[in-house]
There are 2 protein chains.
Amino acid sequence: MARPRAFDDETALDAATDCFWRAGYGATSVRDLGAAMGLNAPSLYNAFGDKHALFTRCLDRYLDGNMRARIRRLESTLPPRAAIERFMEEIVARSLADPRGCLLVNTALEVAPHDAAVAEVVAARLGELEGFFHRCMVAGQREGSIAPSRPARDVARLMVTTIMGLRVLARAHPEPALLRGAARQALSLLDPPATERTA
Amino acid sequence: MARPRAFDDETALDAATDCFWRAGYGATSVRDLGAAMGLNAPSLYNAFGDKHALFTRCLDRYLDGNMRARIRRLESTLPPRAAIERFMEEIVARSLADPRGCLLVNTALEVAPHDAAVAEVVAARLGELEGFFHRCMVAGQREGSIAPSRPARDVARLMVTTIMGLRVLARAHPEPALLRGAARQALSLLDPPATERTA
DNA sequence: GATGATCTATAGCGACCGCTAAGAAATAGG
DNA sequence: CCTATTTCTTAGCGGTCGCTATAGATCATC
């Protein structure tokens, strides 16, 4: 018993996410969002609250559809070491292909330092990422594909750090040799030392 | 034969740099800059051109006084391996102590993607950083303090990547154990494999 | 002290910002 | 049909943005 909406929430959120992703939070105006989402300001505010609420919703959606989905997919279809390697490969490929970079990284630098609520979300997702790498490390060390002499926790942390770094480098200077070389060295920490290999 | 300036250029530029450093380029208004630098808009525009020119000047100053100075200092006073280790330690310590993060990293993500001139500067400075690590790698491998089996170029690239990543993580979630663990693992790539150590 | 050059101060330009009040348009139930 | 409810449209609120025209203040030189 009311007028129906003339737009689709999911489609509109995708469009909004793309705006924030490309230009960042501050540089995206509500008018930009409205234009991209195909609705005017009052409809936008009625449907999604204010700009900040829309952003956090886009960020959550992005993280669920990208980071978490990737973790689930790789962890459920690949053995632990391959999952780590594949994750890194996909990040390198994405970084080279998509000039928008990673919304999580962009947000960690632009929004999180001035927004405690967003900082909490970012920190939690970084923790999830570290958890993924840590689980893979432990499982890989147990099955023998990853050198058992490395501290699993710290290697997992370096993997997260490397991914953040790759995203930064790619955004400013997307050179394939640079990203691939760095990723290869990070992954070399999974190799057993020479003694174990030749023993 | 004219009225002298009522402010010091260096002091004013330091104040402007702090503004950009803390809030970013977009979130810093010319009025903010004027207030921090102690001069009104017309003086600011007369002395430094527009906002963008002031920013690039601040960025150059920052890079000369921070990154380049650190490279020179470490490279001239420490042996190669120690220079790498010390660089990483200082980045971790700075990241934990200064909530502003690194202006180069902040700029690489916020400004560089939408500003070709700034992107060039950022890319060049990242190249200098990679060059520093590469020189240290080569020298350290020659003198035997760094494992000769690692590809110097790629390890240098991972060091740069790790630093970028540490800066991102610290800005969103400055946890000492996380940063130190990641840095330690990156530095472990300098260690000779067990065969070489025990030979 | 007058002159000319440079700097500073006041004020405000047009444009955009996030956001919203008020009313017209579109639906479901009666 | 009419009414109630929700959405959409128009218009605009006060505020800030980057930037500048104009005029007054302060100096070296003559």
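Residue numbering restarts at 1 for every chain, and letters A, B, ... go by the order of the sequence lines. Bear in mind the structure is a predicted one, so any value in this text is a computation, not a measurement.
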Starting at atom [atom1] of [X], determine the distance to atom [atom2] of [N], rounded to an integer number of angstrom.
X: Phe48(A); N: dG18(C); atom1: CZ; atom2: C1'; result: 17 Å
X: Leu39(B); N: dT8(C); atom1: CG; atom2: P; result: 7 Å
X: Asp8(B); N: dC7(C); atom1: CG; atom2: C1'; result: 16 Å
X: Leu44(A); N: dT20(C); atom1: CG; atom2: P; result: 12 Å
X: Asn46(A); N: dA22(C); atom1: CG; atom2: P; result: 16 Å
X: Phe7(A); N: dT6(D); atom1: CZ; atom2: P; result: 15 Å
X: Asp50(A); N: dC17(C); atom1: CG; atom2: C1'; result: 14 Å
X: His52(B); N: dC17(D); atom1: NE2; atom2: P; result: 19 Å

Side-chain N or O of Ser43(B) less than 4.0 angstrom from OP1 or OP2 on dT8(C)?
yes
Salt-bridge test for Asp191(B) and Arg81(B): reply yes if a basic N is under 4.0 Å from a carboxylate O, no otherwise.
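Yes, this pair counts.
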Between the side chains of Arg180(B) and Asp154(A), is the shortest nitrogen-to-carboxylate-oxygen separation below 4.0 Å, so that they form an ion pair?
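No, no charged N to carboxylate O under 4.0 Å.
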Closest to the [X] side chain, choosing from [options]:
X: Arg31(B); options: dG18(C), dC17(D), dT20(C); value: dC17(D)
X: Ser29(A); options: dG18(D), dG18(C), dT20(D); value: dG18(C)
X: Pro42(B); options: dA9(C), dT10(D), dC17(C); value: dA9(C)
X: Asn40(A); options: dG18(C), dT9(D), dT7(D); value: dT9(D)

Are Lys51(A) and Tyr25(A) in a cation-pi contact, defined as NZ or CZ under 6.0 Å from the six-membered ring centre and within 45° of the axis?
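Ring-cation test returns yes.
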Which is more 5' along DNA chain C, the nucleotide nearest Ala41(B) or the one nearest Tyr45(A)? Just name the residue.
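Closest to the 5' end, via its nearest nucleotide, is Ala41(B).
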Once the angle between the rings of Phe55(A) and Phe20(A) is folded into 0 to 90°, is it parallel (under 30°), tilted (30 to 60°) or perpendicular (over 60°)?
perpendicular
In sequence, state the C-alpha distance, the side-chain angles, and the governing distance for Thr162(B) and Ile91(B), and then conclude on side-chain contact (heavy atoms from CB on, under 4.5 Å).
CA-CA 10 Å; Thr162(B) 302; Ile91(B) 293 297; over 6 Å; no
